[in-house]
Amino acid sequence: MNGTKTSATLHSSRAIKKIDRGVIFPSAAYTMRHKQVRFYTYLDKPPQIGDLVYGAISRIGQHSSLENVSGRIHSIHDGTKAIFVFGNRYAPDFYEGLVPDEMTDRLDLIARSGVVGVVKTQNSMIKDPTGVKVLGYVCDENGTVLNTRNFSAIKPQRKIKREPRSQMILVCGTSMNSGKSMAAAACCWALTSMGFTVRASKVTGTASLKDILHMNDSGAHTYADFTYLGYPSTYLLPKDELLNIFNLLDLKYANNPKNFWVVEIADGIIQRETAILLSSPEVISRIHKFIFCANDAFGVIGGLITLRDKFGLVPDVLSGVCSSSPLHIRELSEFTDIPVFNSADTDKKRLAKILLSPNG
């Protein structure tokens, strides 16, 4: 992994303190184990993506809960203590949050999964971020700051992809909350209902177990996202790290050609990380079926033009929030003959027939 361990010379052994028992352990720190997270110390060092922080809620704002590593949602209050993880976030409906250049006593909670940073931009329709008072970096007994990227829950047995591979169903959309996760779950349900083994992954985004757990509830036998590789988020990661995440998940979950691999990419097709992946031949070459989601018919129309002109891609299926509206579907029928499936009320047999049909 590309994580960085940072050690510091402490003035005395008293600078290392024990973390209180019973603190909330967030899903952004998925690769860590409770027995590893025992000590903290305050160091004046620049934070890095994946650095663990021990802190207390100082102000309730937009987020009034935390998701733990098991997916349980904890209510939080002023003074609630928890482990947090430095990370960036890109969320048009919420915040753009960044890891600060210098350590600070106060941070913003930028995701319910425990990701912290400093808010750079904010959707005017939501509250100010929940505040976190920093107590110190989480460290080992030697004072070395723990970073999630130095740990991984996924260790592929192979380093080279062996052909043929599982057929990949790729789900993208116009933006966050366009219905991608529901469409991905519908694919899992349709295929498992036909007797196929389905594995599922979310390659980009900000830590949150909700989406992959939804795919698991819909029949995906094995599931994972970037947090399983130690990343609290993927915003602003270099291209090689993004592709490494995709390839490691592929190597772990898509080796059996009899199976299907359902993959969701977060945010919209013009968002930086999504655009990088959609421009990468090693990702595009893996597509068996491509599902595109949007909030409304005009979003689909604009998306189809962008996919064609920027990426040379044409979806096999349309879905998302718009698919639940007969009027949106009627509007789309005047522009394209690409099939639409309603992910909120899925015709499993029809969807499975589309997904199982040969390419071309």
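Only this structure's heavy atoms are used, side chains among them; waters, hydrogens and symmetry mates stay out. This chain uses plain numbering: 1 for the first residue, then up along the sequence.
Side chain of Ser166 to main chain of Asn256: a donor-acceptor pair is present (N/O by atom type, distance under 3.5 Å, no hydrogens or angles). Put simply, the side chain of Ser279 gets close to the backbone of Ala275: a donor and an acceptor are under 3.5 Å apart.
Both Val317 and Met168 are part of a single hydrophobic cluster, where members link through side-chain heavy atoms under 4.5 Å apart.
With salt bridges taken as basic N to acidic carboxylate O contacts below 4.0 Å, none links Arg59 and Asp128.
A donor atom on one side chain and an acceptor atom on the other are found under 3.5 Å apart for Glu282 and Asn247. Residues Thr227 and Asp225 bring a donor and an acceptor atom of their side chains to less than 3.5 Å of each other.
Within a 6.0 Å radius of NZ in Lys81, other residues, nucleotides and ligands contribute 12 heavy atoms or fewer.
Between Cys322 and His328, the closest heavy-atom pair is O-CB, 3.5 Å. Counting all heavy atoms, side chain and backbone alike, Ala29 lies closest to Val69 at O-CG1, 4.1 Å.
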Distance-only donor-acceptor hits, side chain of residues 295-314, under 3.5 Å, sequence neighbours excluded:
from: Asp296; atom 1: OD1; to: Phe298; atom 2: N; distance (Å): 3.4
from: Asp296; atom 1: OD1; to: Gly299; atom 2: N; distance (Å): 2.6
from: Thr306; atom 1: OG1; to: Gly302; atom 2: O; distance (Å): 3.0

Return a table of donor-acceptor pairs under 3.5 angstrom between the side chains of residues 83-90 and protein atoms on other chains or two or more places apart.
from: Asn88; atom 1: OD1; to: Val99; atom 2: N; distance (Å): 2.8
from: Asn88; atom 1: ND2; to: Tyr235; atom 2: O; distance (Å): 3.4
from: Arg89; atom 1: NH1; to: Ile110; atom 2: O; distance (Å): 2.8

Could you pull out every donor-acceptor pair under 3.5 Å between side chains of residues 186-198 and any protein atom, sequence neighbours left out?
from: Thr192; atom 1: OG1; to: Cys188; atom 2: O; distance (Å): 2.8
from: Thr192; atom 1: OG1; to: Trp189; atom 2: O; distance (Å): 3.2
from: Ser193; atom 1: OG; to: Trp189; atom 2: O; distance (Å): 2.6

